[in-house]
Protein chains: 2
Amino acid sequence: MSPARARTSLPAIIAAARELLEEGGLDAVSMVAVARRVGIRPPSLYKHVRDRGDLLAAVATAVALDLGDLVAAAAERAGPDPSERLRALAAAYRSFALATPRSAALLFAGATPGAEPTPAAQAEAARPVLETVRAIVGEERSLPAARVVTAFAYGFASMEAAGAFRFGGDVAEAYRLGVDVLLAGLEADVGR
Amino acid sequence: MSPARARTSLPAIIAAARELLEEGGLDAVSMVAVARRVGIRPPSLYKHVRDRGDLLAAVATAVALDLGDLVAAAAERAGPDPSERLRALAAAYRSFALATPRSAALLFAGATPGAEPTPAAQAEAARPVLETVRAIVGEERSLPAARVVTAFAYGFASMEAAGAFRFGGDVAEAYRLGVDVLLAGLEADVGR
DNA sequence: ACCTGAACACCGTTCAAGT
DNA sequence: ACCTGAACACCGTTCAAGT
């Protein structure tokens with residue numbers, strides 16, 4: 001009779017996977033390791049998750065939602081000026097990518113096919129940028145402009161997190177230069 | 001006596017791995033699959049390569065060198081004007097990333113730790129951009145400016161290849177907008 | 001010098017059986 | 001309804017033995 005009481009939960013499983021991801025990279029997120037961390041046996045995981053790809057997609061979704069919150073909060077703190085908000089957004093995104101590089105890599109890179117965040121979660125993560133950019137370039141150009149800003153921030157942070165900037169120099173300053181150059185170009189209506 | 005004749009070679013192994021990578025993603029680049037494709041048994045691979053990570057790093061290096069050649073050729077064809085060269089570079093990079101997305105993802109994303117290209121290969125791939133940017137902003141600011149341009153192109157192409165731009169709109173035009181905005185900002189000496 | 005089969009440890013996943 | 005042990009297929013890697 002009495003059905004077996006749940007010894008864990010999907011949120012707990014996702015949290016364990018995120019810890020393992022940051023601690024040891026994607027390879028460390030094995031079904032065996034996740035199961036051990038939440039205190040069950042590997043086969044039981046399949047009652048909560050379809051397969052490993054499904055679990056990784058859930059992790060990516062959770063990361064995207066966290067990033068959206070974090071970036072939105074930074075914009076809020078920056079006050080009403082759109083340019084200042086964009087600078088704050090960009091800085092928050094870079095901090096996130098440097099603090100949790102393996103989670104950040106999971107967001108877009110497509111290195112792990114099938115492990116993309118939900119479209120809804122991606123939209124949620126992109127929204128603060130989209131809204132801020134809209135305040136700068138207007139409704140009509142907001143989508144392409146937001147894509148440009150996002151691509152720069154994502155590309156820069158990914159490369160930095162992966163250690164691609166090995167030739168010395170001030171990396172933080174290069175990032176600020178990029179944001180300023182983009183802001184100047186967008187405010188000057190380049191390409192219109 | 002007569003030592004066993006080599007039935008394959010490191011270049012052939014790397015080529016097989018690159019084919020498998022584009023055909024089926026990183027997971028498809030198993031030692032078993034690579035061995036089968038070059039006509040030997042898996043254990044023999046270890047006479048040519050330290051382990052799977054070493055093989056992936058060799059693949060990443062080969063990809064970086066190819067990309068450098070391709071991008072340099074595009075700049076050459078574009079003629080002497082630095083702005084035109086930069087536009088051509090950027091377009092070539094995006095083509096490359098869209099044509100071989102999984103190879104491109106391997107280049108920086110750090111999603112596969114230990115599988116980064118050789119520093120020398122990375123420098124080689126970055127050189128055409130660095131030289132073109134130097135002709136625009138001068139020696140002193142060439143390093144940060146090149147980082148900004150590379151980050152944008154890499155980020156945009158990665159996201160596009162991963163299918164991140166799902167909200168419609170003209171993606172190619174957004175890319176051109178980004179390049180133009182960066183060019184305008186760099187030519188106007190923003191941040192100096 | 002390079003290739004091979006046998007072997008080991010490890011992982012993802014399925015399934016029948018428990019409560 | 002969720003958990004378990006047993007089992008299977010598959011992979012990375014090592015090693016002793018072949019030529």
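By convention in this document, chain letters (A, B, ...) are assigned in the order of the sequence lines, proteins followed by strands, and residues within each chain are numbered from 1.
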Exercise. Kindly point out which of C:dC2, C:dT14, D:dC3 is positioned nearest to the side chain of A:Y46?
Key: C:dT14
Exercise. Could you work out which one of D:dT4, C:dT13, C:dC3 sits closest to the side chain of B:K47?
Key: C:dC3
Quiz item: Under 3.5 Å, side chain of A:S95 to main-chain N/O of A:A91, donor-acceptor pair present?
Solution: yes
Quiz item: Below 4.0 angstrom from OP1 or OP2 of C:dG12, is there any side-chain N or O of A:R52?
Solution: yes
Quiz item: Is there a side-chain polar atom (N or O) of A:H48 under 4.0 Å from OP1 or OP2 of D:dA1?
Solution: no
Practice problem: Output the single nucleotide from C:dT13, D:dC3, D:dT14 whose closest atom is nearest the side chain of B:P43. | Solution: D:dT14
Quiz item: According to a strict under-4.0 Å criterion, is B:R41 in side-chain N/O contact with OP1 or OP2 of C:dG5?
Solution: yes
Quiz item: Can you check whether A:S44 has a side-chain N or O nearer than 4.0 Å to OP1 or OP2 of D:dT4?
Solution: yes
Exercise. Salt-bridge test for B:R18 and B:E22: reply yes if a basic N is under 4.0 Å from a carboxylate O, no otherwise.
Key: no
Quiz item: Which pairs with one or both residues in residues 25-40 of chain B pass side-chain hydrogen bond (donor to acceptor under 3.5 Å, both in side chains), sequence neighbours excluded?
Solution: B:E19-B:R37, B:E23-B:R37
Practice problem: Could you summarise the pairing of DNA chain C as dot-bracket text, marking Watson-Crick and G-U pairs under 3.5 Å with ( ) or [ ] inside the strand and | across strands? | Solution: ||.|||||...|||||.||
Practice problem: Scan residues 7-22 of chain A against DNA chain D and write down, sorted by residue number, each residue with any heavy atom closer than 4.0 Å; if none is found, say none. | Solution: A:R7, A:T8
Quiz item: Taking the six-membered ring of A:F156, is NZ or CZ of A:R94 closer than 6.0 Å to its centre and within 45° of its axis?
Solution: no
Quiz item: Checking B:T118 side chain against B:A121 main chain: does a donor-acceptor pair fall under 3.5 Å?
Solution: no
Quiz item: Looking at the side chain of B:S30, which of D:dG12, C:dT4, C:dG12 is the nearest nucleotide?
Solution: D:dG12
Exercise. Would you check if the distance from the ring center of B:F152 to the ring center of B:Y93 is below 6.0 Å?
Key: no
Quiz item: So, does A:R52 use its side chain to make a donor-acceptor pair with the main chain of A:V29 at under 3.5 Å?
Solution: yes
